[in-house]
Amino acid sequence: MEETRLCQWSVIRSLLAVLQWWGFNVTVVVMNKWIFQKLDFKFPLTVSCVHFICSAIGAYMVIKVLRLKPLIAVEPEDRWKRIFPMSFVFCINIVLGNVSLRYIPVSFMQTIKSFTPATTVFLQWLVWRKSFDWRIWASLIPIVGGILLTSVTELSFNMLGFCAALFGCLATSTKTILAESLLHGYKFDSINTVYYMAPFATMILGLPAALLEGNGVIEWLHTHETLVPSLTIIFSSGVLAFCLNFSIFYVIHSTTAVTFNVAGNLKVAVAVLVSWMIFKNPISGMNAVGCGVTLVGCTFYGYIRHLLSQQLPGTPRASKTPPRTPRGRMELQPLVNDKLDDKV
């Protein structure tokens, strides 16, 4: 009886973790689109800065004040040599995501974001000369095909938004690859990642945002009619952006890798549906098919990754490619956490 209750509580806990993760993720994406489209606040760099500031304050409160998470100590020298380059790529990733939301529908942006596994595998193969099982390459076919079909049939296509979303995928992949070499020895969770990277990201983005968007923001402040409610929405999106990072930490520790992968792809479908209900952006039948094919490919890719990770270390897969000697000690280290690529 006790084991049954524990099993039921485990299932309920996993379900609640997934639902709150979905809720925060979809809400943040929709709120950002609402800010750009409905509030006419067309300043993605400033919105990104607000998110970074709120995330930095939130992470400090969780770790230093409330002590809900222990601080992972980082040497001062490593903060500049390792954390700062990661923060720079992290900053570019978030900015490109917000720029894409400025110009293209949420449904299209979320589908393109699903291209990240393909760009990660390609960059690791190209830069690191890393070999992959043929099943990994096969799982990328529906992802690439689905993205192409979605792009060709997108009724609200915008080249700038498309390029921003695509380069955002490359930035996410670069962040993942850099984590292997720059963060070796540090087992960061999502909260500690934000604690160290958000202040650097704010410092990096603050000046460009002020120079490029400062005058526009001041003009918006003087001409916008419903100023207080609008500013409340903008800063609330920053608070929810931090809550999303906290929810990622919770869902990772409450679900298995397979559940996390499936839930992540279903989250994209939920975001597409909710955004369509709110913004009524036109979606053709073939566009919906392309989105579905992409999500199926992402699910298959995650499943293959899970299967390969379960292989016995003593029975390596035969490879026609001769093994390459690592360039240094850094390349011998595993990826820090491949499930933390969904941070806002």
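Because the structure is a prediction, the values reported are computed rather than measured.
Between the E213 side chain and the T46 main chain, a donor and an acceptor come within less than 3.5 Å of each other. With K42 contributing its side chain and F36 its backbone, the two residues share a donor-acceptor pair below 3.5 Å. At least one donor-acceptor pair under 3.5 Å links the side chain of Y196 to the backbone N or O of I72.
Salt bridge D40/K38: absent, no basic N to carboxylate O contact under 4.0 Å. A salt bridge between K81 and E77 is present, with a side-chain N of the basic residue lying under 4.0 Å from a carboxylate O of the acidic one.
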Working for side chain to side chain contact (heavy atoms under 4.5 Å, CB included), residues S237 and I35: CA-CA 9 Å; S237 72; I35 290 169; 3.6 Å; yes
Begin with the C-alpha distance, continue with both residues' side-chain angles, and end with the deciding distance and a verdict on side-chain hydrogen bond (donor to acceptor under 3.5 Å, both in side chains) for T172 and N93. CA-CA 6 Å; T172 301; N93 179 31; 2.9 Å; yes
Evaluate S48 against N98 for side-chain hydrogen bond (donor to acceptor under 3.5 Å, both in side chains), listing each step before the verdict. CA-CA 7 Å; S48 300; N98 284 330; 2.7 Å; yes
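Within 6.0 Å of atom CZ in F157, more than 12 heavy atoms from other residues, nucleotides or ligands are found, so the atom counts as buried in its surroundings.
F52 and F90 have tilted rings, their planes meeting at an angle from 30° to 60° on a 0 to 90° scale. In this pair, F41 and F43 present their aromatic rings perpendicular. The plane angle is above 60°, beyond the 30 to 60° band. Taking the six-membered ring for Trp and thresholds of 30 and 60 degrees, F279 and W34 have ring planes inclined between 30 and 60 degrees apart.
Of the candidates I147, T153, V152, T153 is the only one forming a side-chain contact (heavy atoms from CB on, under 4.5 Å) with L149.
Proximity of the aromatic rings of F24 and F242 is defined here by a centroid distance below 6.0 angstrom, and this criterion is not met.
For V272 against C291, the heavy-atom pair with the smallest separation is CG2-SG, 4.3 Å.
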